[in-house]
Every structure is written in structure tokens, then in C-alpha cells.
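In what follows, residues are counted from 1 in the order of the sequence shown. The figures here come from the full heavy-atom set of this structure, side chains too, leaving out hydrogens, waters and symmetry mates.
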Amino acid sequence: MRASHQTWKRWLLGSVMLASLGAGAEPPPTNSAQGTQLHGTERFESINIPLASVEPSPPPAGAQCSTAKALMLAGGRVMVVQGCTTGNPPASTPRFLDGPGLVKTTFHAPFEGRTVKLVIEEARCHEDITGPTAACTPELLASGAARWEFRVTASTDDRQPVPLCPSGSGFALVVPHAWSAGGELTPNPDYFTFACAPRNEGTATQPFFVGGGVIAKCIDWGYPPWAGAYPEATARDYHQLCTRMAMADYCGEGRSNTLDGTPLTFMGIQNALARGSDGHVPQTQGREGYALEAVWQMSECGAVRPLCLGKKRWDSLALEATCVNRALDLHVRTRPCEDYNLAAASDQTLLVSYSLFIDQALVTFKRGDTGFVTTTSVAVEVTEHAWGQDVSAYDVDLNGDGLADEPASFVPVRMEGPLLSAKLPAAHKKSMGAFIKPLYRCANSVGRYLLTDSASCDGVSGYSLRALNGDLGIEGYLYSAVDTTSTGQRRPLKLWRHSMPGVFATSTEAPSGFTFVRDLGYLPAVGQLPGRDL
């Protein structure tokens, strides 16, 4: 046992020395995609795994081994240490299990009032989404340039083992500490979690990441929750900022306000200010026109909230998303990020995100008793409160010029939910295939509207497609079907007809005096998408 102890001390000392290197500059700007889950494990999102629950693989034949101990090394590595004796007379043979040596190692974690059993079935070098996969040599593993990832199965007493990572690459990174149900990183050296990695369904030059969770993405983006480029406390802060940003978790409660796969580019505050001027960050990034989404800040008490939102995000944020209006705790309420001078914040721990916003707010408006229009062409209404201005409602913008129509004859009824934008990138449309269908915008000469899944406007006399800003009359895209095994929210958008000829409404709830015609499709639920996530 003495040899085992000394070997372990040397291993640990080397890891600590490498992890204690000084803080560096902000990582460079990154292009990738948002996600809707922290871990990407779906059913098992809430589990935290005690290191003390480890059960190693069987020892070599003839060996007598003591109780094993699992330890977290620097750089997100787990190692199992066990003292063993073999031979006659007995000789000490320390056992260190790392990487492939952990295959058939088991952990147990509390889950829904019982226990879930987690078994490592396979190990391989982690395939980093930001670049070439590094070989898992001892030197690269020790430096943090390479790490292991694992294929894990999970089982409870009432079910057969299933993949812990049902989407993405199928493999998971080991990540130290625990997470709350609200998505808060809780420092605890006695626990770890598995974070599922996404899968690239695009190319090396045009990646398209599917599945997995944002914890693994943030690690690959340069924001792991351990010391390296930054001291440990700063690294955890950046990791927490990154996960909230990647999920568009505006309330900091562990719930997403985006669609998995939404194109995203982001950077630290110093990089953003260097690209802007006079203390302001740019409104857009790249030739694709990524719009400023938010500046993310950690408060003195450790809570992550947007410092401010970009105007484009205000315009497209669904009113029934996780948090808006009074529930949305913005540090800057009175103006969008574009108008806020951030020069004084250049030394703070902030992240600035830009998005293509492939989700848009679908709002139903009403004029009189029978005049309905359901549209994504909206303008934000700014309301005065005691604390200043806030966004609390939408105005109709039927000519699509970004300004509220005058006079405001339509009043908002409800936010139906997010709708996939008519400007959905071609790669996303291709990946979704038959799971999505277009909604067509129709109108007649007397100012009535019809939103339907029929390109012929349901054959109703007097109605024709109404194009807006070159969109060919497509309002956006719905899901055409749902996965019946999914636990995600299903919200059908319905077509309704009034007894008056040529009068229709499109909404999730029945307008008074209208009768049901048919389901048009399904609105993507915030954070839980029916069908196949982008």
C-alpha cells in the first residue's frame, strides 16, 4: 500500500501543478449552436453521481483488493484507485483505472426516490467539436489538451439498461461537481456528472451539431469548470455563464428559451468591445447577419442573468417563453444592449452572444369580434413602469417594416408560441425533412387574413398568398408530426372557421363563435421540441 500511496501522490501533484497555471486572455470568438439541455441525457438530466458509489471492474485473477476510491483529477478526469495484493508471499500491486481501464466500472446515483445504475461500457479519446481530436497520450492527458469520453448505460430497478446519451455522439465527458435542478453549478468535490457530447451532421468546414448537452459544448468552446486558462473560481463562473447563454436561460432557472441547433456566435466582453466602437458592442456579426442576443453577467451572489437583451431578441422572444415581462430580471431595463455603453465593464466576467434567431414569436391579434390575424410580423410595445421602461406586449406590423402599424386597429390576444422562421437556414430545413411544414400567409382585398398549411389558401374565394419581404408568403414552419415517445410538450396550432363566409382564425385556442376545421401542425415547445430536435 505504501507504493500505491506514493504513486498516487506523484500523479496528483503533477495534475495540480498543471491546473494551477495562471489565467490567460479570453478565448477567441466561437461559432457553434445553442442547445436545450444541460447534460443531454433527457430522462436522467437531474442526477448527480457520488464518487464514493464506485464499483470497479473485477480485479485480475488471484488478486485480493481493498475498497476502491474514485478521484477527480485536473482537467475533468476520473481515476479509480485500489490497493491489491498478489502472489505468494503476497506483494503490493496498486491498481489505477483510467480511460479504457474504467470499462465495466459502475456508479450509482439517487434518482426519483430510488437509484440509477451507471455502467461505463466503452472509452475513447474525446472528439472535440472545435477542432481535430487529440491523441490521448499521457502527456496530452496530463496537460488537459486531450481527455477521455465514455459510452454509458443507465438502468433503474424497473427498466432494462438504456444509453445515458440517447442523442448526439452517444459518448459523455466526466465533469466535476454537482448541478441543481435549476441549472446551477454547485461546487462539491464529492460528486461528478456525465455530460453528453453532440454529433456533427455537417462537414468540418460547415459543422451542424445535433443532440448532446451544453455542458460538453462549453468545455470544447474553452470554458470548462476547472482551472486552466483561468483560476478555478473564474473558470466556474465562465462555465456557468456559458451554459446559461447556450440554453438562452434568461431567468437562470434551468429552462431553455431557444431551439436546439440555433446558430450561435459568442465572445468575451473584451473581444466584443474591440469589434465595436465607443464602448458599444456591434449589433451584428458575420456576413450571415448574426444579431446581438444578450450580454450575460454573473451577479455578486452568483446568479447569472442577462445584463441586457439585444433589440432583435426582444422582438422575437415569445411571451410564453420561460421568462419575460415582470419575471425577466434584467440589470438594464431601459434600453437594449446596442444602446448600452459597456466600456466600464471590460474587466468583468461577461459573455456576449449573437444568434440567427430561427425561432420567432407567433402572435394572434384581434379586430372587432371576427377579425383575426396570427403573425410573426410584430413590433415590441414599450411600457412605462415605476422602475423605467419594460417590454410587455406586441403591436402588429403587417407591412414588415419593423414599426407598429398606425392606427393600431388590432389588439394582441395571446402569444401562441415560437414558430420556426421563414428564414430557417437551408441546412436546418434539410435536416428536419418531413418533420416540418410551412405555414402560408393569405389575405383578401377587404383586410381579412388566413394562416394555413395550404399553399392554395384552402381554395377560399378571394384569398391569395401575400408575400412579405421576399418570403414567398411563408410565415414560418411548424412541426408536421410529433414523436409519440417524447416527453416534450405538444401544442397543436389549429384552424378555425366562422359561420360568416370567408372568416377564419388560426390559434391554439378556440375563438368565440368559431368552429374547429383541423390541426395545422405543432408549435415547437420552448426547451422541449416534439419530433426531432434541430
Side-chain angles (χ1 to χ4, degrees), residues 34 36 248 257-263 288-289 291 312-321 355-365 372-380 394 396-402 412-443 449-458 463 465-482 489-495 504-508 518-527 529-534:
Q34 290 177 315
T36 59
N257 284 284
T258 189
L259 303 181
D260 197 23
T262 299
E288 299 91 348
K312 179 74 172 180
R313 179 73 281 184
W314 267 132
D315 290 348
S316 60
L317 186 66
L319 285 177
E320 290 183 3
S355 173
L356 282 183
F357 299 118
I358 60 175
D359 56 317
Q360 291 186 285
L362 185 67
V363 186
T364 294
F365 295 85
F372 286 88
V373 58
T374 301
T375 179
T376 61
S377 295
V378 298
V380 173
Y394 288 115
V396 72
D397 174 28
L398 294 178
N399 61 3
D401 63 359
V413 176
R414 79 176 58 82
M415 164 53 53
E416 303 294 351
L419 182 69
L420 297 178
S421 169
K423 297 180 180 179
L424 190 68
H428 289 69
K429 284 191 284 189
K430 181 179 179 181
S431 74
M432 295 300 292
F435 277 103
I436 61 174
K437 61 191 299 188
L439 269 180
Y440 294 97
R441 181 191 313 109
C442 303
Y449 295 87
L450 169 61
L451 191 65
T452 177
D453 59 352
S454 167
S456 65
C457 300
D458 278 36
Y463 279 89
L465 290 177
R466 183 173 182 269
L468 189 63
N469 297 327
D471 63 9
L472 304 179
I474 296 177
E475 189 73 37
Y477 293 88
L478 283 170
Y479 279 84
S480 57
V482 294
Q489 175 185 347
R490 298 165 183 81
R491 193 171 197 183
L493 187 66
K494 303 173 184 290
L495 181 63
F504 295 87
T506 301
S507 64
T508 57
R518 67 177 181 277
D519 285 335
L520 298 174
Y522 300 86
L523 290 166
V526 172
L529 305 184
R532 181 179 181 278
D533 284 356
L534 287 177

Examine distances only and state if a side-chain atom of Glu416 and a backbone atom of Thr508 form a donor-acceptor pair shorter than 3.5 Å.
-> yes
Side-chain heavy atoms of Lys494 within contact of Ser507, under 4.5 Å | no
Rounded distance [0.5 Å steps], OH in Tyr463 versus CZ in Phe504 = 6.5 Å
Within-4.5 Å side-chain heavy-atom neighbours: Leu493 and Thr506 | yes
Tell me yes or no: between the side chains of Ser377 and Asp397, is some donor less than 3.5 Å from an acceptor?
-> no
What pair of heavy atoms forms the shortest contact from Lys437 to Asp453, and how long is it?
-> NZ-OD2, 2.9 Å
State, with a plain yes or no, whether a side-chain heavy atom of Tyr440 is found less than 4.5 Å away from one of Leu465.
-> yes
Do the side chains of Val378 and Phe365 get nearer than 4.5 Å, heavy atoms only?
-> yes
Do Thr364 and Thr374 have a side chain donor and acceptor closer than 3.5 Å?
-> yes
Ion pair check, Asp471 and Arg466, cut-off under 4.0 Å = no
Check: Asn399/Asp401 side-chain N/O donor and acceptor closer than 3.5 Å | yes
Check whether any side-chain heavy atom of Leu495 sits under 4.5 Å from a side-chain heavy atom of Leu450, and report yes or no.
-> yes
Between Thr452 and Ser454, do the side chains contain an N or O donor and an N or O acceptor separated by less than 3.5 Å?
-> no
State whether the number of non-hydrogen atoms from other residues, nucleotides or ligands found under 6.0 Å of Lys423 atom NZ is greater than 12.
-> no
Roughly how far, to the nearest 0.5 Å, is the OH atom of Tyr477 from the CG atom of Leu420?
-> 9.5 Å
Option among Val363, Leu419, Leu398 that satisfies the side chain to side chain contact (heavy atoms under 4.5 Å, CB included) test with Thr375 | Leu398
